Each structure stands twice: as structure tokens, then as C-alpha cells.
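Note sheet for the following structure.
Since the model is a prediction, treat every value here as computed from it, not as a measurement.
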Amino acid sequence: MGNLAGIRAFGGRAFKAIACVGLVAALLAAGDADAKSRKKKKPVPIPAYATSVAWGAVAGPSLGASRSIGGYAAGCIAGARALPPEGVGYQVIRLSRQRNYGHPVLVDMLRDFGQRVAHAGLGTALVGDMGQARGGPMPSGHASHQIGLDADVWLRLDLPPMGRAGRERLDEVKYVDYDRMRVTADWSDRQARMIQIAASDPRVARIFVNPAIKLAMCQRSWSDRGFLNKLRPWHGHDGHMHIRLNCPAGSPLCEQQAEQPDGDGCGDELMSWLDSASPAIEHPPGYKPEPRVVRKMPAACAPVLNAAGTRMASLPESGAAPAKTAR
């Protein structure tokens, strides 16, 4: 009986061993088959209208009615207009970047803003990046600015009107001391007033500023504090304000952002931003980022990218050259 029990025990162990070997072999075979199927599966191609390369190569706006399509960080604009390089109270900087396009509502808002800045005696506002000729993702810089409703306006007001070449290589003045998380001594009533002018425009949905700048605006005495609700704290934005408009009429595919919380935004939320705010990442000259891919681009942007349109020639200092036809 003892020998029989031993044989049975040995047989059981042998069976278990054989079973384990079989299981391992099956798993290896399944893994090998899975690996082969993965190798055979081709990656999903990225459509051209989802890449920054395609949008950055377009020479001019599409023809037809103006429409903002999609979200601020995933969309495009049909029928954009260029903000004239200079006007009353403002000048566009870095024109070589060809990012002075937007929805006509944005162009009109910025021209009105410049006039109010001039009327208040604040100086000359410097308008930075708006959007590309047909919007879409940019090869470098912003994730938003894609549907013609965003614009950066620098906060420095110390420069006289300049020629276009002189506006290519300007330095942004930073108004935030990150050690103290307060505005610097360069901050003045003029910067505060310029932000207030922009935020008081009913076309403006929100303005992104550094948390320290929001705090400085909150600490001032204003006869009407309602505009403070539009000032939203965000990382960076220590030398410029990022103006964002509401979706305009006639753009049913434009995705409006959520409503702002009630109140002036000067309470606990702002305090939490002051504890975590960080400057924008500065890249060295010659830095070439990887092309940006926006996988949630609306399909309605494909015809905008490929539509017939116009190409704006370089404008001489004295006036405009006629537009030329392009794809």
C-alpha cells in the first residue's frame, strides 16, 4: 500500500508538472500570436487637419463667411480677418510670425480697445499672438488660440510707436516677483487700467493673468468690481494678458466655455493659485518643438483647411499690397 501511495503521489506531481508546462506553453503561444497581431495592426493615420504642420503652412484665410469652429484648444476658423498692423492706440508686434488673424469680432474688439487705451492716455498697446490664417494648432507656443477668439496683449506701455522691423525683437517685461508672489515695482496704474478696459468689454469672456497680477487687481479700489470676475489666474502670463472672447453669433459649431463662478474671484481660489503658480517655460533661441497633434479636431475643419482663399503679401511700411489668390 505504501508503494502504491508513493506511485500515486509521484503520478500526481508528474501530472501537475506536465499541466504547468502545458499552461506555460499555451500562454507563450498566445502571447506570440498576440504580438504578431499587434505587429500586423497598422497605426491609425493622423489626418492632416489634426496637425500643426498643416495649419502653419496655410498662407491666408479661407473665403466665405466667418465662423469659429470647435473649442479654443481644438478647432479652426473660416473667413478670418487680419488685424491691421497698426492703428489708434495699438501696434501688432512680431508680424513675421503671421499670427495676427482672428474672427472679425476679435479684430473689431482689439481696434476698439486700442482707441480706449489711447483715449485714456496710457500709451501704445502691443498686440502679440492672435491666431493663424485659418486657426488650428500652432507649430509652437500656444495650445489654444485656434478658433480666432484669443489674443495676447503685452502689459508694457513704455514704448513709443515703432516701425515694423523694430517690433520684431522686443523683450517682454515681467511684472511678477515669484519669490514673493507679488507684482514688481514696475507695475503701475497704467497696467491695471489697461486690463480693466479690456475686461469691461462685453465681448470678452475671460482674461488670463498671472495670479499675482490678479491679486494686485483685487487689492485696488474700483467703483465697479464686476469686471474682476473675468480675470482668471493662470501659470505664466506675467508679462501679458490673454484675452478670450465669447463665441460669436453665426458660429453654431463654436464650443463656449463654462460660465465663470459667481463673485469677483478674489477669495480662496486665488489664494490657492498663489501657492502653486509658476513661470512659463522659456525655450532657448532656435528651439524647434515637435509638431503638435490635436486628436479631437472637429471634422468640419478639414474643408476649412483645404478651401480656396487668399494670401496676404508682405505689407510695406507705407501701405497695403493687393491680396493674391492662393489655395
Parallel, tilted or perpendicular: rings of W187 and Y175 (30°, 60°): perpendicular
Are I195 and L155 side-chain neighbours, meaning at least one heavy-atom pair lies under 4.5 Å? yes
Test item: L228 and Q196 side chains (from C-beta on) under 4.5 Å apart, heavy atoms: no
If you measure from NE2 on H242 to CG on N210, what distance do you get to the nearest 0.5 Å? 15.0 Å
F113 side chain near V127 side chain, heavy-atom distance below 4.5 Å: no
Derivation and outcome, side chain to side chain contact (heavy atoms under 4.5 Å, CB included), residues C254 and R67: CA-CA 8 Å; C254 181; R67 294 175 292 116; over 6 Å; no
Side-chain heavy-atom pair L305, R134 within 4.5 angstrom cut-off: no
Ionic contact status for K296 with E255, cut-off 4.0 Å: no
Pairwise side-chain contact, R164 with E86, heavy-atom cut-off 4.5 Å (strictly under): yes
Lys/Arg N to Asp/Glu carboxylate O, D177 vs R182, below 4.0 Å: no
Under a plain distance cut-off of 3.5 Å, with no hydrogens placed, do E269 and S272 share a side-chain donor-acceptor pair? no
Between R292 and E290, is there a salt bridge with N-O shorter than 4.0 Å? no
Is the shortest side-chain N to carboxylate O distance from D189 to R220 below 4.0 Å? yes
Go through the steps to decide whether R81 and D108 satisfy the test salt bridge (charged side-chain N to carboxylate O under 4.0 Å, His left out), and finish with yes or no. CA-CA 10 Å; R81 276 173 44 196; D108 291 343; 3.4 Å; yes
With side chains defined as the heavy atoms from C-beta onward, is the minimum distance between D150 and Y72 less than 4.5 Å? yes
Can you find a pair of side-chain heavy atoms, one from Q146 and one from P137, that are under 4.5 Å apart? yes
Exercise: identify the closest heavy-atom pair between I243 and A198: CD1-CB, 4.0 Å
At what distance, to the nearest 0.5 angstrom, does CZ of R156 lie from NZ of K174? 11.5 Å
Please determine, by modelled atom types, if H142 and D129 share a side-chain donor-acceptor pair under 3.5 angstrom. yes
So, R99 versus Q132: side-chain donor-acceptor pair below 3.5 Å or not? no
Supply the atom-to-atom distance R94 CZ to L126 CG, rounded to the nearest 0.5 angstrom. 10.0 Å
Is the backbone N or O of L95 less than 3.5 Å from a side-chain atom of E168, with the two atoms forming a donor-acceptor pair by type? yes
Pairwise side-chain contact, M130 with Y101, heavy-atom cut-off 4.5 Å (strictly under): no
Got a sec, which residues hit ring-ring contact (aromatic ring centres under 6.0 Å, His included) with W154, two or more places apart in sequence or on another chain? none
F208 CZ to D152 CG distance, which is reported to the nearest 0.5 Å: 10.5 Å
Has the side chain of K230 got a donor or acceptor atom that lies under 3.5 Å from a matching backbone atom of A199? yes
Between Y49 and W55, does the ring centroid distance fall short of 6.0 Å? no
salt_bridge(R203, D112) N-O dist < 4.0 Å: yes
